[in-house]
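Per chain, numbering begins at 1; letters A, B, ... match sequence-line order.
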Amino acid sequence: MKKIEDIIIQGIRDALSGTLNIVVEDKFLALQKTKKEFEGSLTLVVFPFVKQAKMAPEKLANILGEVLVDSVEEIDSFNVVKGFLNLVISAAYWKNALEYISDTEQYGFSKPNSKPHCMVEYSSPNTNKPLHLGHLRNNFLGYSVSEIRKANGHEVTKVQIINDRGIHICKSMQAWISSGLEETPESTGMKGDKLVGKYYVEFDKQYKKEIAELIGEGQDKGEAERNASSIEAARELLVKWESKDPEVYALWEKMNQWVYDGFEKTYDDMGVDFDRIYYESETYLLGKSVVMDGLASGVFEQEDDGSIWIDLTAEGLDKKILLRSDGTAVYMTQDIGTAIKRFEEFPSLKELVYIVGNEQDYHFRVLFLILKKLGYVWASDCYHLSYGMVDLPEGKMKSREGTVVDADDLMLQMSETAKEITEELGKLEGMEESEKNELYRMIGMGALKYYLLKVDPKKRLLFNPNESIDFNGNTGPFIQYTYARMQSLMSRYGKAIPNVSHDAGCNSSELALIELLYDFPEIISNASDGYSPALLANYLFSLAKTFNSFYQSSNIMKETDGDIQGNRMVLVQVTAGVIKRGMKLLGVGVPDRM
RNA sequence: GGGCGCGUAGCUCAGCUGGAUAGAGCACCUCCCUUCUAAGGAGGCGGUCCUAGGUUCGAAUCCUAGCGCGCUCACCA
């Protein structure tokens, strides 16, 4: 189906070159949506070429309008306000559009795997702590960005990297050992990640205590932090781990496994998945060897103490360490190795997207620059989707102050809230208990995911745990509710949805809905190119709102004209389809009733 | 201090590569369930778009400076 914008632009171009005998640059020939308070669907701003036309804006707009109405079949009428030419598109065109939408399978989506292969890295947790609210935003974003890109035709590989080695996990190990309790998830009934996290907290407590004691004995802060016996023990574990001391390695494997088991449950609850998992312990050695190669080729330089650096001062950045003097790897080392490994493993890869918080902006600038300097041409295909931190009303989440919002707790709480609200409304008569529970989860998770996804990823996000999350207004449940209403209409209608009738008239609320549905493909494309589930979320909200308005103003079941009723049912069906598939891209399910 | 980012209604946010009287949701106030699910709809109240300059026919949007906030500049991750 030919896009109305293209038809009109062509018409305008013809009118300009014909009647007015001027040629206008393409960039000025952009149509915009007509503002609500004016009549029409699309608007041309004529200011940019009044000079060329040597005419007052209004006169020019009127002339163009008249020519367009005559020459372009799809334009019914026009009106001019100052230099704005508002065009009214014929109902016939919109009915054709509706028919096209209704007849098009997977309307709005592009052919699978028709666009470049893209890898999306998200989640990327450390293995010493359970997942929290920040991870939720990360995971929901990563999943949704991936699904949106798929819908837009990209081949997508979802990956995560697990920071499974390093001093952090050694801290948990050290606290576990020194407790002497031999606690396991089985013996305590705790989720594995929670148990390991508990020991991380305990380590920190003990460590702080020792520091205070050492300071009391007259050491300065830096000394005390270095000399505390627990950190020395943890450091020793790390050294032993690197030399693959069997006992330490076994404990490391055991405790990491506990964490993985715990994470798996959390990922399952989140509804996210991965095609490939990378472990830092598997990639840091490659990183190290690449750094050594870079040293040999002169990209990097070595200090007297043996540490290896890159000097980026010429690029306006600083010097960055790539390998410690004792030869051990830093974060950057393994990230270099991991990126290379990925492009080797997937030769078709055309893009690597990192979903990582904006606190690491600098890290990724440096990483991409290093890869470029090392001569990897794909360095420019790497993109850091830098999302804003999730803040609480009192500021950052701080584990020390116990303000970290745990992912498992929050998800559970959302389902419970959904249950309370649903029971209060009491609309689930006759539904099975298990079905109800599934619904509560769907609504609770819908609220949570939508809440975290509706904001532009790049912006910081404020989360107020007390006010929690709304179920009214611009929310997931609002959209789910609208969908449930549509399902109710479909079952009430009780017969097959007919084809679009071209004879039936269209009221304004129907037209508004068709026009929005018409935008869906462009929204998918924009959300994909801009890595922004928020664009899709806000679109779905306005679609739901527009539907509700239509629902309220145009009674369907009571409509006596069969053609009109049929067209309305087509609208219901098509809107439901767009909402369902759109929400799925956000990772949110929609219920048949609620 | 250097670098990066942000500052729109009481609150949370939309406003894409400049376009009309700056929009939603929440909160507050009016109406609308003997009518397809009121988790809904219709309307009202509410804004010097941080400030000051500049570019432009036109600036919330682009440029410069200032103010405020955040992140970052580790042999941490």
Check your understanding: Would you say the side chain of A:Met557 lies within less than 4.5 Å of the side chain of A:Leu489, judging by non-hydrogen atoms?
Key ->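 Touching, per the 4.5 Å side-chain cut-off.
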**Study point:** For A:Asp335, salt bridge (Lys or Arg N to Asp or Glu O under 4.0 Å) partners two or more places apart
**Key:**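 Partners of A:Asp335 under the salt bridge (Lys or Arg N to Asp or Glu O under 4.0 Å) test: none.
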Practice item. Please name all residues satisfying salt bridge (Lys or Arg N to Asp or Glu O under 4.0 Å) with A:Asp220, sequence neighbours left out, ordered by chain then number. Key: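 A:Asp220: no salt bridge (Lys or Arg N to Asp or Glu O under 4.0 Å) contacts found.
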Rounded to whole angstroms, how far apart are [atom1] on [X] and [atom2] on [N]?
{"X": "A:Glu359", "N": "B:rG70", "atom1": "CD", "atom2": "P", "value": "15 Å"}
{"X": "A:Glu225", "N": "B:rA74", "atom1": "CD", "atom2": "P", "value": "17 Å"}
{"X": "A:Ile231", "N": "B:rC76", "atom1": "CD1", "atom2": "P", "value": "11 Å"}
{"X": "A:Gln360", "N": "B:rC76", "atom1": "CD", "atom2": "C1'", "value": "11 Å"}
{"X": "A:Asn358", "N": "B:rC69", "atom1": "CG", "atom2": "C1'", "value": "13 Å"}
{"X": "A:Phe38", "N": "B:rA20", "atom1": "CZ", "atom2": "P", "value": "9 Å"}
{"X": "A:His384", "N": "B:rC71", "atom1": "NE2", "atom2": "C1'", "value": "12 Å"}

Listed nucleotide nearest any side-chain atom of [X], set [options]:
{"X": "A:Arg324", "options": "B:rC76, B:rG41, B:rU72", "value": "B:rC76"}
{"X": "A:Ile167", "options": "B:rG25, B:rA20, B:rC76", "value": "B:rC76"}
{"X": "A:Lys35", "options": "B:rG41, B:rA20, B:rU37", "value": "B:rA20"}

Practice item. Give a yes or no on whether a donor-acceptor pair under 3.5 Å exists between the nucleobase atoms of B:rA20, that is its base, and the side chain of A:Asn86. Key: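 Per atom types, the contact qualifies.
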Review point. Between A:Tyr451 and A:Phe463, how do the two ring planes meet: parallel, tilted or perpendicular, split at 30° and 60°?
Key: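 Taking A:Phe463 first and then A:Tyr451, their aromatic rings stand perpendicular (interplane angle over 60°).
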Revision key, fill the gap. With sugar-phosphate taken as primed atoms, P, OP1 and OP2 and all else as base, the protein-contact string of nucleotides 12-19 of chain B at under 4.0 Å (heavy atoms; B, S, -) is SSS----B
